[in-house]
Number of protein chains: 2
Amino acid sequence: MKGGYMGKFLRVDLTNQKLTDETIPENILRTWIGGRGLGVYLALKEIDPKVDPLSPENKVFILTGPLTGTAAPESGRWCSVTKAPLTGTIHDSQSGGKWGPELKFAGYDGIIIEGASEKPVYLWIHDGKAELRDAKHLWGKDTHATTDMICEELGDENIKVLCIGPAGENLVKFACMINDKGRAAGRGGHGAVLGSKKLKAIAVRGTMRPPIVDEEKFREAVRANVDKLKKHPVTGEGLPKYGTAILVNIINKHGVLPTRNFQTGVHPTAEKYSGETIAEKTLIRKVPCWGCIIGCGRYTRIPKESPFAGEGDGPEYETLWAFGAQTGTDNLEAISKANFLCNELGLDTISMGHVIGTLMELYERGRIPDEKLRGIVPTWGNAGAIVELTWRTAYRSGIGDDLAEGAKRLAEKYGAPEVAMVVRGQELPAYDPRGAQGHGLGYATSNRGGCHLRAYMIAPEVLGAPQLVDRFETKGKPQLVKEFQDGFAVVDSLILCKFNTFATWLEDWIPMLAGATGWDITIEELKTVGERIYNAERVFNILAFGDGREYDTLPKRLLEEPMPEGPAKGKVVKLEEMLDEYYKIRGWKDGRPTREKLEQLGLKELADKLEEENLLPG
Amino acid sequence: MKGGYMGKFLRVDLTNQKLTDETIPENILRTWIGGRGLGVYLALKEIDPKVDPLSPENKVFILTGPLTGTAAPESGRWCSVTKAPLTGTIHDSQSGGKWGPELKFAGYDGIIIEGASEKPVYLWIHDGKAELRDAKHLWGKDTHATTDMICEELGDENIKVLCIGPAGENLVKFACMINDKGRAAGRGGHGAVLGSKKLKAIAVRGTMRPPIVDEEKFREAVRANVDKLKKHPVTGEGLPKYGTAILVNIINKHGVLPTRNFQTGVHPTAEKYSGETIAEKTLIRKVPCWGCIIGCGRYTRIPKESPFAGEGDGPEYETLWAFGAQTGTDNLEAISKANFLCNELGLDTISMGHVIGTLMELYERGRIPDEKLRGIVPTWGNAGAIVELTWRTAYRSGIGDDLAEGAKRLAEKYGAPEVAMVVRGQELPAYDPRGAQGHGLGYATSNRGGCHLRAYMIAPEVLGAPQLVDRFETKGKPQLVKEFQDGFAVVDSLILCKFNTFATWLEDWIPMLAGATGWDITIEELKTVGERIYNAERVFNILAFGDGREYDTLPKRLLEEPMPEGPAKGKVVKLEEMLDEYYKIRGWKDGRPTREKLEQLGLKELADKLEEENLLPG
């Protein structure tokens, strides 16, 4: 194998504790690129879509892409693909840090994890060799201790560790995988899948480098991409200066910062936990991912005098929102502490903060009996509660046991399902789509459930990148959403950081990809790859639970309750105005790809499979 | 069997999941009474003293006494006896609540637990029947959830549950057993022993009653005891009005409230967490044990606005001290919250607070590297830290993993063993013995390690019960300590609440015991029972680890550093002045019973055993 790939994938059969090296043919890689794309290919090939996500029959694919660990800017990433316990959908979760490149350096392009171990184990990969090791002593340990203990016992502090915390062990539905102590493959509950398989960690270390086919061409393309990133105001200035937290004030001023579980879009005191405030009060240093020229990561500290003293990576924008506006809290110290605990215990910050907001609305409505709460009173803005509910969720202690099931199941259990602000069971993130119509369509049609990163329409609708469009307008949005969705599927497969997309796009990446791999991929072909991935994901979901139009929707609140105040006052998401056109553009009927579309994408087998199960539309 | 006993003990062989009913002959019961006494008898008979306390070879004896569940005042108690993981000594731990009497009502006098289960189980005892049930779904749950879930699945909310929390499962060296959600067999780590055996809980319910041999005699004796309790200012007024927390101000005023890890005996702001303050600010209701006429138990609530919001049983005096003065904290909200968490997670409050104080002194001395702390800064009086360190200890998270080993191992690990304020590895409780010489001798010679309840010399030395003696004087103290130690061994065997001892003593209990059992025991015989128990315990320790004079000591600080301020200023414990006399009175040499003494107590076999192992003195 050549070009960005080492030619080696590791199959880990946990049931039989057996490790095998495999090669994935180059034509498959070119068809699916890597990362997320390769993940859905493998999922459709190897996972029965109807499987229980927490059973040994589910699999986890840990993947890199052709640009991972190369000099391509913002390429220090990896992703995990699995059937997610939170959503029951196909699900990819992306992470930065230093672990992804190190997996390459250790000699592997990806890992296929199957079965389940009887006893806790961890995987140790180094310079082309791999072994399973006993992890009994690591079970129960948080992500920091696990990382430190593995480095110590293997005698090398430069080892990079991906692991789960107590939340993953306890099968919390939104437990994440943490690498490098503070980076998360956050959403969907991938950590719980590892927990169900008793795979505590994957430690990697090595000196190998992915081959580059045309060094000169590649170097030149990299230079051009770096130039554009440095010159763009977002990637060259905003993100380096304040990190993603720069968004708090911007999004709030646009009236789309979801506040108190999406009851409004304005949090009057959000300034107290903005990027600017962090820079002034709690910032210790930047923490860039491997080879990153932006450096959006932050390491912060809450002083010892605070009841929420602590330090660690974060908080990012989404986290600030989740523990902040979503719970009505403006206490930066408590928000940061909850973030640190999520990193240590292995929880997705978006879902964790979101679910606490769900609990608060249920409590406000009198749905939560006092005896469930042990004296914690989940009222809006209760700083102490957000911290305590976080560790209780990781350990499933008290009401935390209910929170651990996610917003949908929580709201259903307490008799008010309409309180759950979810799409396909995944908690919505930090943008109220009533003030960004395209973003709303993106949420509704996201294959992995409520997500801002399938089609980050906030860029054109709010931030003006690549150019500003009318955010309250629905016209033209379906086309834009489709293009973003497909393009982002490519980004997630290459794998590049999404921040590239502020400054560069497919045409900029093609020369890098060509330089690395030698593949003469055109823009049209790359767009098709993105579309193929999006359609393949949808097919997985259709086979899993009959995905389709009834799931392409939003919580009632966003469709029917007008935004009560602020610049987006009076707006709802006019989803129905966009959905039919979106389907038309996609070549779908009622949320399902037609045979024609699938065959056009080279997915005839999937069309046959859908037909077999009577799931092919009209 | 007759008189206070049902005639039935349950042997639970966890290795083979086998349950057997057994009868212990009446002559054995009369020799050892029950509870603590019967426990040491069984331990010497069935446990190899050299066994690892957390191995399947250790056993746990859950015992009642001849007065448990009868109309005898303050008899709603039970005890656990085992070889303790915190100390390596023989160890009894006593608890109140409603569980002990209910075990009797369920038809059993006691339970002998041996071996270890492969998978988590719980024991269900009801009206003379017993069964082991799967506890997989309960593993990881805290004590409140465990209790609720068992009551729910067995369909009876009046079932009484004794269980361990996450701390016991995680083998925290001072994990306790919790019954009735807020009552603890607290000290020594009995919860960890159950955890090592994978026995999550013991649920009991029944309608049987222990037989009374002479109803009339018994009733009359009970009446006399109740009278004395009601008339005594401590049991008739002080304890009912303020609970044990009444002691905070009293002990502080005497300058013996150990502050900042026994660096001084005065905590200037202790008033902020006194019994009087609790009564005014946080008290919700009293929570008396079964059949109790004092009702010292308290249920309190910290309001939702506090970062430490919560509610639950406690805090008792010892807990107020441990999280208060010992850590230099005067924040009642944080102290109470730490208490609630101990109840839920299954931690001994005395050791937990004490160990946090140990950490704080180690930190003050620069012994704890910052990277161990994750931003928690354990400075004296840091309210947030005491709460966070509590849950972290139960889950062995971060520095909590070190705290979970107890003060002795913590101080040793960080290179300052002299910081550990322990006797035989057990953290000292809430009285600085520099201002109560007899109490100091009691600490030093306590068979289960640092404990105020082996010989509560604070009663005569500070509280004036039965009459005030000069607390700074050593003369006469050895005799008094010996009498208290033996008397308290009887109380723990009957089993009665120690608060009886403020108002009544052996001569008052004999008629109750005689009425219940028909035994014509004299005062002299009862005193001998107490002495027999104390000596038998010491023999267990000698066989276990060579107990003797070198262990009958106190931390250097208490022997050499004069109290720096307050009414006890300038004092140290003059232990050497008392120890030889104490040994002489006990018939011991260098901390070990002579053959003569053992034979006099009917323990010839133990003398033979000591001789065999070359451990008999002189």
Side-chain angles (χ1 to χ4, degrees), chain A residues 139-145 148-149 165-166 169-171 181 282 284 299-312 331 333-334 336-337 340-341 343-345 363 370-379 381-388 391-392 394-401, chain B residues 139-145 148-149 165-166 169-171 181 282 284 299-312 331 333-334 336-337 340-341 343-345 363 370-379 381-388 391-392 394-401:
Chain A
W139 205 248
K141 293 282 175 289
D142 63 34
T143 62
H144 288 219
D148 292 341
M149 287 167 78
E169 297 175 14
N170 295 329
L171 308 182
K181 291 189 177 176
T282 63
I284 300 296
Y299 192 94
T300 62
R301 182 179 295 143
I302 303 306
K304 65 179 184 190
E305 297 74 21
S306 167
F308 309 115
E311 63 181 79
N331 184 322
E333 298 181 347
S336 304
K337 182 71 181 184
F340 304 150
L341 292 180
N343 289 349
E344 291 185 35
L345 304 174
Y363 182 77
D370 278 340
E371 66 268 24
K372 283 273 170 190
L373 293 167
R374 318 247 174 99
I376 310 163
V377 186
T379 44
N382 188 327
I386 67 171
V387 173
E388 179 166 357
W391 67 258
R392 283 194 186 261
Y395 292 109
R396 287 183 172 275
S397 165
I399 189 77
D401 200 17
Chain B
W139 205 249
K141 293 281 175 290
D142 63 34
T143 62
H144 288 218
D148 292 341
M149 286 168 79
E169 297 176 12
N170 295 330
L171 308 181
K181 291 188 177 177
T282 63
I284 301 296
Y299 191 95
T300 62
R301 182 179 295 145
I302 304 305
K304 64 178 183 189
E305 295 74 22
S306 166
F308 310 114
E311 63 181 80
N331 184 321
E333 297 182 348
S336 304
K337 182 70 182 184
F340 304 150
L341 291 180
N343 290 348
E344 291 185 35
L345 303 174
Y363 182 77
D370 278 340
E371 66 268 22
K372 283 274 171 190
L373 294 167
R374 317 246 174 102
I376 311 163
V377 186
T379 43
N382 187 328
I386 67 172
V387 174
E388 180 166 355
W391 67 258
R392 282 194 186 260
Y395 292 110
R396 288 184 173 272
S397 166
I399 190 76
D401 200 18

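Each chain gets a letter, A, B and so on, in the order its sequence line appears, and its residues count up from 1.
If you measure heavy-atom distances from A:Asp401 to chain B, the contacts under 4.5 Å come from the side chain alone. With a 4.5 angstrom heavy-atom cutoff, A:Ala145 touches chain B via backbone and side-chain atoms both.
Residues satisfying the side chain to side chain contact (heavy atoms under 4.5 Å, CB included) criterion with A:Pro307, sequence neighbours excluded, are B:Pro307, B:Phe308. Legend: residues meeting salt bridge (Lys or Arg N to Asp or Glu O under 4.0 Å) with A:Arg301, ordered by chain and number and at least two apart, are A:Glu311.
The shortest side-chain heavy-atom distance between A:Glu305 and B:Val377 does not fall under the 4.5 Å cut-off. The shortest distance between side-chain heavy atoms of B:Arg374 and A:Leu341 does not fall below 4.5 Å. Looking at heavy atoms from C-beta onward, A:Glu344 lies in side-chain contact with B:Arg392 at the 4.5 angstrom threshold.
Across all their heavy atoms, B:Thr379 and A:Lys304 have their closest contact at CG2-NZ, 4.2 Å. Across every non-hydrogen atom of A:Ser397 and B:Asp142, the tightest pair is OG-OD2, 3.1 Å.
If you tally non-hydrogen atom pairs under 4.5 Å between each of B:Gly381, B:Gly384, B:Gly310 and chain A, the highest count goes to B:Gly310. The greatest number of non-hydrogen atom pairs below 4.5 Å with chain A, out of B:Lys141, B:Glu371, B:Arg396, is found for B:Lys141.
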